[in-house]
2 protein chains.
Amino acid sequence: MERQSAVIRREITAIPLFNGLPQRQYDQLAGIALDRSYAGGQRIFSEGDEGIGLYVLVSGTVKVYKLSPEGKEQTLHVFGAGEPFGEASVFAGQPFPAHAEALAESRVLFFPRAAFVELIKEDPSLALNMLAILSRRLRTFAALVEDLSLKEVPGRLAAYLLYLSEQRDLTDDLILDMAKNQLASLLGTIPETLSRILSRMARQGLIHAAGRRIKIMDRRGLEALAQAERRL
Amino acid sequence: MERQSAVIRREITAIPLFNGLPQRQYDQLAGIALDRSYAGGQRIFSEGDEGIGLYVLVSGTVKVYKLSPEGKEQTLHVFGAGEPFGEASVFAGQPFPAHAEALAESRVLFFPRAAFVELIKEDPSLALNMLAILSRRLRTFAALVEDLSLKEVPGRLAAYLLYLSEQRDLTDDLILDMAKNQLASLLGTIPETLSRILSRMARQGLIHAAGRRIKIMDRRGLEALAQAERRL
DNA sequence: AATATGCTTTGACTTAGGTCAAGGGGAGAT
DNA sequence: ATCTCCCCTTGACCTAAGTCAAAGCATATT
């Protein structure tokens with residue numbers, strides 16, 4: 001029991017949102033944190049649910065997404081370890097604007113809203129860290145809006161492949177970090193269209209594709225697609 | 001000169017971001033604020049510019065938007081009096097992610113970044129207000145992503161008309177608050193498409209349209225369109 | 001009154017991407 | 001070995017919306 005709390009405290013110190021806080025706040029955060037696990041495919045919260053606290057992902061993968069009446073999904077973001085989510089309701093006291101679901105088995109720390117806000121009032125570092133995270137998230141959303149409105153699907157896929165490559169020191173050998181049907185949802189399309197575009201990219205010598213492995217063959221060509229300077 | 005500063009101080013107290021602050025902080029904010037005016041059509045900042053502070057709109061209208069290489073615009077948001085903007089760069093120290101331009105003659109207060117951050121450190125109310133604003137903006141973006149990805153243009157227009165009506169106590173008599181080419185950009189389409197859809201809505205008895213005046217004739221029909229339960 | 005400019009509307013045409021159906025492949029369960 | 005389930009791919013077809021052109025309308029300027 002005591003060791004369990006010590007584990008959570010150590011996990012908390014590793015979370016970017018909590019960088020630079022005074023030591024006593026780590027104890028306080030560990031004191032209010034609730035430890036929750038979710039299986040892959042399990043819903044964490046639903047659009048419209050009352051937002052009663054902040055979630056931070058300790059391990060696993062979580063997608064936040066919207067659904068159309070016909071069941072088409074648009075993924076807003078896929079979160080990895082260390083990232084907070086569900087924040088859109090904590091500070092404005094509004095319901096969750098989207099669904100959240102674990103893509104793989106995931107562990108999450110949950111911080112009840114009132115207690116978290118009290119901690120923010122005690123030390124501005126937490127607030128400034130949170131402001132930085134929300135600001136970066138706004139720019140990610142701005143990029144997603146730009147993609148959806150001003151780029152065609154091949155351009156979005158090209159941009160995504162280049163982003164994966166950049167995450168791995170510009171390697172040409174990529175492994176998709178999610179199922180293709182999830183990637184289709186993130187890129188604002190459907191699996192059939194994603195599949196066709198990967199095939200056309202392969203036929204045009206831009207990539208080699210084998211399941212989730214993708215090798216970049218023509219980086220300049222992908223860049224031209226991603227910048228909407230050229231079409232597939 | 002002294003009265004000029006007093007005017008700015010009074011304007012600052014009327015801004016929602018600054019609600020509930022201790023009196024001395026109004027003096028401090030007035031002390032660091034820079035007063036700037038822009039003509040309609042004037043660029044305030046450009047995508048990629050270094051973000052050196054926070055802007056708050058005192059009067060007028062400002063759009064924040066992205067451009068495609070061919071010059072198509074996607075408006076991310078249209079700001080009215082009292083709203084801060086340019087915040088995506090203040091807390092994460094990154095360049096502006098979009099262009100900002102005055103749609104009409106506008107007055108803006110500019111708060112240099114370092115000074116503003118110092119004020120946030122002094123009192124958590126400012127931080128909590130800012131967190132609430134960024135949270136609401138994230139949900140607005142989530143709604144825009146949903147619109148662009150999961151709704152067709154008629155549904156987006158219907159939702160927008162219903163939103164205008166809701167802003168005016170559910171009146172059926174609307175006046176568009178921007179030029180139609182700007183509205184097309186906000187809804188993620190082009191003026192030709194917007195014009196055709198307004199005509200089809202009129203022909204189907206959903207609205208009466210005369211220039212910028214629009215009268216809702218079939219609210220339920222618009223709601224069904226907005227919810228993607230029906231198509232035009 | 002004439003001209004210029006920007007916005008708006010309409011027509012004809014093209015295409016990106018969705019829908020629906022069908023089938024293949026891989027992994028897990030029996 | 002067989003079955004089930006889920007993911008993925010491909011084909012055929014359809015349509016929403018964009019492109020390009022042309023013309024109308026309102027406002028401002030000369």
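Each chain gets a letter, A, B and so on, in the order its sequence line appears, and its residues count up from 1.
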Query raised in the report: Are A:Val56 and A:Glu83 side-chain neighbours, meaning at least one heavy-atom pair lies under 4.5 Å?
Result: no
Report summary line: Assert: residue with more 5' nearest nucleotide on DNA chain C, out of A:Lys151 and B:Met178, is B:Met178
**Report entry** Nucleotide C:dT8, atom C1' - distance to CG of B:Leu187 in whole Å
**Finding:** 16 Å
Query - Distance (rounded to the nearest 0.5 Å) between B:Glu105 CD and B:Thr61 OG1 - result: 11.0 Å
Query raised in the report: Can you check whether A:Thr193 has a side-chain N or O nearer than 4.0 Å to OP1 or OP2 of C:dA16?
Result: no
Requested in this report: Indicate whether any N or O donor in one side chain lies under 3.5 Å from an N or O acceptor in the other, for B:Gln94 and A:Arg139.
Outcome: yes
Requested in this report: Supply the atom-to-atom distance B:Gln74 CD to B:Ser185 OG, rounded to the nearest 0.5 angstrom.
Outcome: 5.5 Å
Query raised in the report: Looking only at side-chain N and O atoms, does B:Ser199 come under 4.0 Å of OP1 or OP2 in C:dT10?
Result: yes
Report task. Just need the stems in DNA chain D: three or more back-to-back Watson-Crick or G-U pairs, each with both distances under 3.5 angstrom, sorted by first number. Result -> C:1-30 with D:1-30
Query - Spacing of A:Arg212 atom CZ relative to C:dA27 atom C1', expressed in whole Å - result: 13 Å
Requested in this report: Anything under 30° is parallel, anything over 60° is perpendicular, the rest tilted; go ahead and classify A:Phe18 against A:Phe116.
Outcome: perpendicular
Report task. Send over the distance from B:Lys180 NZ to C:dG6 C1', rounded to a whole Å. Result -> 14 Å
Report task. Check whether the side chain of B:Arg196 and the base of C:dG11 form a donor-acceptor pair under 3.5 Å. Result -> yes
Requested in this report: Check whether the side chains of A:Ser165 and A:Arg219 place a donor and an acceptor atom closer than 3.5 Å, and report yes or no.
Outcome: yes
Query raised in the report: For the pair made of CG in A:Leu194 and P in C:dA16, what is the distance, rounded to whole Å?
Result: 17 Å
Query raised in the report: Out of B:Phe45, B:Tyr65, B:Phe85, which residue meets the ring pair (Phe, Tyr, Trp, His ring centres under 6.0 Å) rule with B:Phe96?
Result: B:Phe45
Requested in this report: Tell me yes or no: between the side chains of B:Arg156 and B:Thr189, is some donor less than 3.5 Å from an acceptor?
Outcome: no
Query raised in the report: Using a cut-off of 4.0 Å on non-hydrogen atoms, how would the nucleic acid contact of B:Gly188 be classed: base, sugar-phosphate, or nothing?
Result: sugar-phosphate
**Report entry** C:dT8 phosphate, OP1 or OP2, under 4.0 Å from B:Asn181 side-chain N/O
**Finding:** yes
Requested in this report: Could you tell me whether the phosphate oxygens of C:dT19, OP1 or OP2, come under 4.0 Å of any side-chain nitrogen or oxygen in A:Lys72?
Outcome: no
Query - Per B:Glu192 side chain, nearest of listed nucleotides C:dA21, C:dT8, C:dT9 - result: C:dT9
Report task. Walking along DNA chain D from 5' to 3', note the first and the last nucleotide with an atom under 4.0 Å from a heavy atom of chain A, and give both. Result -> D:dC7 to D:dA12
Query raised in the report: For the atom pair CD1 (B:Ile216) and CD1 (B:Ile207), what is the distance rounded to the nearest 0.5 Å?
Result: 9.0 Å
